[in-house]
Amino acid sequence: MNTGAQTIRTGVRDWADRTVTFLAIAATVIVIAPLLAIFAYLLFKGAASLNLDFFTKIPLPPGESGGGMANAILGSGILLGIASVIGVPIGIGSGIFLAEFGRGTRLANAVRFTADVLNGVPSIVMGVATYALVVSPHIKWLPFVGHFSAMAGGIALGIMMIPTITRTTEEMLLMVPNAVREAALGLGVPNWRSVLSITVRTASPGIITGCMLAFARVAGETAPLIFTAFGNNFWSTNLNEPIEALPLQIWVYATGPYEEWHRLAWAGSLVLIVLIVFAVSLVRFVTSRGVLKGNS
Amino acid sequence: MGVGIEVTNLNAWYGTNHTLQEINLNIPANHATALIGPSGCGKSTFVRCLNRMHETNPIARVTGSVKMGEMDIYAGAKPVQIRRRVGMVFQRPNPFPTMSIYDNVASGLKLNGYTNRRVLDETVERSLKKAALWDEVKNDLKKKSGASLSGGQQQRLCIARALAVDPEVLLMDEPASALDPVSTSKIEDLIFELKSQYTIVIVTHNMQQAARVAEKTGFFLNGRLVEFDSTHKIFTNPSDKRTEDYITGRFG
Amino acid sequence: MLLCALSIFGIVVLIASELVLRSDLAWKAFGIHFFFNAETDSYTHLPLYWDPVNGHFSALPFVYGTLVSSFLALLLAVPLAVGVAIFLTEMCPRALRGILAFLTELLAAIPSIIYGFWALAVLTPLMREYVNPLLVKYLGWSGFFADDNPTGLGFTSAAIILAIMILPIISSLTREVMVAVPHSQREAVLALGATRWEMIRMGVLRNARIGIVGAIILGLGRALGETMAVEMVIGNTPEIHRSLLANGTSMAAVIASEYAEAVSDLHRSALTEIGLALFVVTIIVNALARVLVWAVTRGTPARLA
């Protein structure tokens, strides 16, 4: 069996194996190195630019040095608040439906699929749709519609939160052991009560984390805000008026010509990154430490 | 033709779990040897040490020596070379679902660089005949995928796949435990046919099976080889009390 | 609960109907030619793609820009992403795997705007000073790398930043389908005396290939709709050039930069129609990708995306 040709063949196979191993390691290094570089660069630039003024002052006229993004941070907070009011209940409700009431039905599969599709709709398209529905609708269906406003931006972000929250809620509920459900049902509790008071409560750390993740993701969204929230250089808490948002402000400043603007944009980027690192770490902590299984 | 296997002071760990302790035995060439014992006794780990599959798990570790014919498989030889001489059949049939029946059987040969159509055709036919599957599949060799067969046929396909590379040793890890009684008896007939040409080591938790197919039987308990003797002696007059308790069904 | 679930259908239907309704004006004016043809200037004989002030509208340069930048990004990202997935599932020590997987999740969550800003600050100067001159020097003969853009912006820069952005998505999904391949398949190949690469090729990649294609298509879907980072580095010029170093624009980018200040109803309607096209294409692409990934991971426990 072991002829000369076989020996050569073995050499070729070992060589191919080593080459592929090398290529896979090389690919990982090629990918990880620049990504780490991006991350380090952001941290470095952002940390060098961040100061107290950033959080307390509003932007100064172009060319003047100093100022901050306080109005943008407030604006982002308001937008995310509106978004959460819309996205969190609908998302959690749909997630509970998928995991508990509709499990295995054709309707649930269709909803899951639609949620995944909605998740893939580009954020800019969400902006266009919100513009058509809220900023410039055919019918003035609510008092705040008809112009750029914080409400419009919040609605766009809220819709974008739904699919993420739906899917994480579903996944978190599915991670709850069946024994917990059966224990509740075994006590003679009706199904809907057992779902709400036992299953959802058991999964609640995970569900909250999923909301955090969705929150952090839309916090960095720029495209759907450009022609809904529109931006505003001044303090504004009026939901009926255009409002500034952190990513919008970063966009304007990053593409602008002034060094001072760039500095503020880096600082803003760092704030967004910190929010995201926090949310992603939380998700990882909750899913990996078995918090859901009650042995935290 | 098969070769004998000489195992000396074999120890295996799974993490911190000492799953095999001081195993010594000689497996005769061209015979079937059965390994029995309750689940978790180490018999599966033991056969996986014979072709160095045990160490594919990163937390697993082995010490000791296993000589297969003239080759000491834990000294000098590479796992890849050893596995080319040792065929293995697993507990659950695992044909390649994306390959045709023909490609499944030929996969080992193709890995070794055989491209000659005629050689491949001949080997595939011979292997499928040895595995008693030829008559059932000869008409859709290249049409059907390996996953389209029944469970018993899949397992015989896996045996044919292992035989195609002409191994000296055939390891079978509970090959019939996932199969129905009819398929099980076909596999047993097959082992009976094959054991004159190959050294067969079969792990089983079914004592009747061991008695039917094997000349030699070893009894494992808690990671140790309690007794190794002719099958007849083990089942009629075991020298160890624990073996007797096990085969008479007092535990396990 | 049911109501919440149904509202998801409602939202998608609402989005679709509004986009159709609002693009009606442009559709009536140009029809399907909007995406495939452009008028030609009778004097200069150059195509008139996009001139909102004078009423010329053709989506051709945007479609071109989106396709070129996305496919170039796939070309760069796919081999690397599959390599990373192979390393992570089959070769990587357990401790390192956790760190790398965490890093990947993090990078997938970083906002587009920040990638764009980084690209402006670091990538485009790098391209301008080092990479583009090399490409022009060694590959200039092919016609795809012309030395006529001194900015460092353009298709190639956009494709690189897109590749960086879709890498984590493709690689984590590829990893997911590879992990879903049963361990017994790997053992079957190993027992035949295969090397590790042969085991990966026959036992893993072969079984997971449909899912890997799905992961790549999902990455494509993400690239097609990516807006801010592309808008910042592609150059925003509605022209079609053979050179990959030239400035261009994309469907998403033009909406971002012009929608808020559209000069006419027709202009806005044309932009909405581009949005509709993007919506339809990404829905098809995503649906296809999901079906393919499900085909492989079905039956394994759901994991957090």
Side-chain angles (χ1 to χ4, degrees), chain A residues 13-14 16-17 20-21 23-25 27-28 30-31 35 38 41-42 90 93-94 96-97 101 111 113-118 120-125 128-129 132-133 159 162 167-168 171 174 216-217 220-223 226-227 230 247 250-251 254-255 265 269 272-273 276-277 280 283-284 287, chain C residues 1-5 7-9 11-12 14-15 18-19 21-22 79-80 83-84 86-87 91 100 102-103 105-107 109-114 116-118 120 122 164 167 195-198 221 224-228 232 252 255-256 259-260 272 275 278-279 282-283 286-287 290 302 304-305:
Chain A
R13 293 172 64 180
D14 287 348
D17 187 51
V20 170
T21 308
L23 287 179
I25 294 172
T28 311
I30 291 173
V31 170
L35 290 179
I38 294 179
Y41 190 82
L42 287 175
I90 297 184
S94 315
I96 295 176
F97 172 78
F101 299 114
V111 170
F113 198 79
T114 315
D116 280 349
V117 165
L118 187 63
V121 171
S123 56
I124 187 80
V125 174
V128 174
L133 276 170
I159 293 175
I162 294 173
R167 297 290 270 127
T168 37
E171 277 166 24
L174 290 179
R217 274 191 189 159
E221 281 294 347
T222 317
I226 302 170
F227 30 89
F230 195 68
I250 294 173
W251 182 43
T255 49
S269 304
L272 284 181
I273 293 277
I276 279 155
V277 170
V280 173
V283 172
R284 213 163 173 79
T287 47
Chain C
M1 309 294 158
L2 181 63
L3 218 60
C4 293
S7 74
I8 294 183
F9 288 127
I11 288 167
V12 171
L14 215 57
I15 292 174
E18 278 298 331
L19 290 175
L21 226 59
R22 295 310 175 92
L80 290 173
V84 171
I86 289 178
F87 178 75
M91 302 172 178
L100 292 180
F102 175 68
L103 209 60
E105 273 172 48
L106 212 56
L107 289 160
I110 290 181
S112 178
I113 180 90
I114 295 183
F117 190 17
W118 177 82
L120 271 186
V122 180
I164 293 177
L167 248 164
T195 61
R196 183 163 63 184
W197 161 234
E198 288 158 348
L224 291 174
E226 195 49 66
T227 312
M228 299 317 294
M232 290 164 89
I255 302 176
Y259 202 89
T272 310
L278 214 48
F279 178 73
T282 46
I283 280 190
N286 275 297
R290 291 287 169 195
L304 200 61

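Here is the naming used below: chain letters follow the sequence lines, and residue numbers restart at 1 for every chain.
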Which answer fits [X], side chain, backbone, both or neither, if we ask what part of it has an atom under 4.5 Å from a heavy atom of chain A?
X        : answer
C/Ile11  : side chain
C/Arg290 : side chain
C/Leu120 : side chain
C/Leu19  : side chain
C/Thr195 : both
C/Leu224 : neither
C/Leu2   : both

Return the minimal non-hydrogen interatomic distance between C/Ala252 and C/Gly225, and the atom names on each side.
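Scanning both residues completely, I find the closest heavy atoms to be CB-O, 3.9 Å.
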How about [X] and [Y]: do any of their side-chain heavy atoms sit closer than 4.5 Å?
X        : Y        : result
C/Met232 : C/Ile113 : yes
C/Leu3   : C/Ser7   : no
A/Ile226 : C/Tyr259 : no

side-chain contact (heavy atoms from CB on, under 4.5 Å) against A/Val20, all qualifying residues, sequence neighbours excluded:
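Once residues adjacent in sequence are excluded, the partners of A/Val20 under the side-chain contact (heavy atoms from CB on, under 4.5 Å) criterion are C/Trp197.
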For A/Ile38, is it the side chain, the backbone, both or neither that has a heavy atom under 4.5 Å from a heavy atom of chain C?
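Both the backbone and the side chain of A/Ile38 come within 4.5 Å of chain C.
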Check each atom of A/Ile25 against the heavy atoms of chain C and say whether the ones under 4.5 Å are side chain, backbone, both or neither.
both
Most heavy-atom pairs under 4.5 angstrom with chain C, which of [options]?
options                                : value
A/Thr21, A/Thr255, A/Leu118            : A/Thr21
A/Val121, A/Val117, A/Ile250, A/Asp116 : A/Asp116
A/Asp17, A/Val280, A/Asp14             : A/Asp17

Can you list the residues that meet the side-chain hydrogen bond (donor to acceptor under 3.5 Å, both in side chains) rule with A/Trp251, with sequence neighbours excluded?
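For A/Trp251, the residues satisfying side-chain hydrogen bond (donor to acceptor under 3.5 Å, both in side chains) (neighbours in sequence not counted) are C/Glu231.
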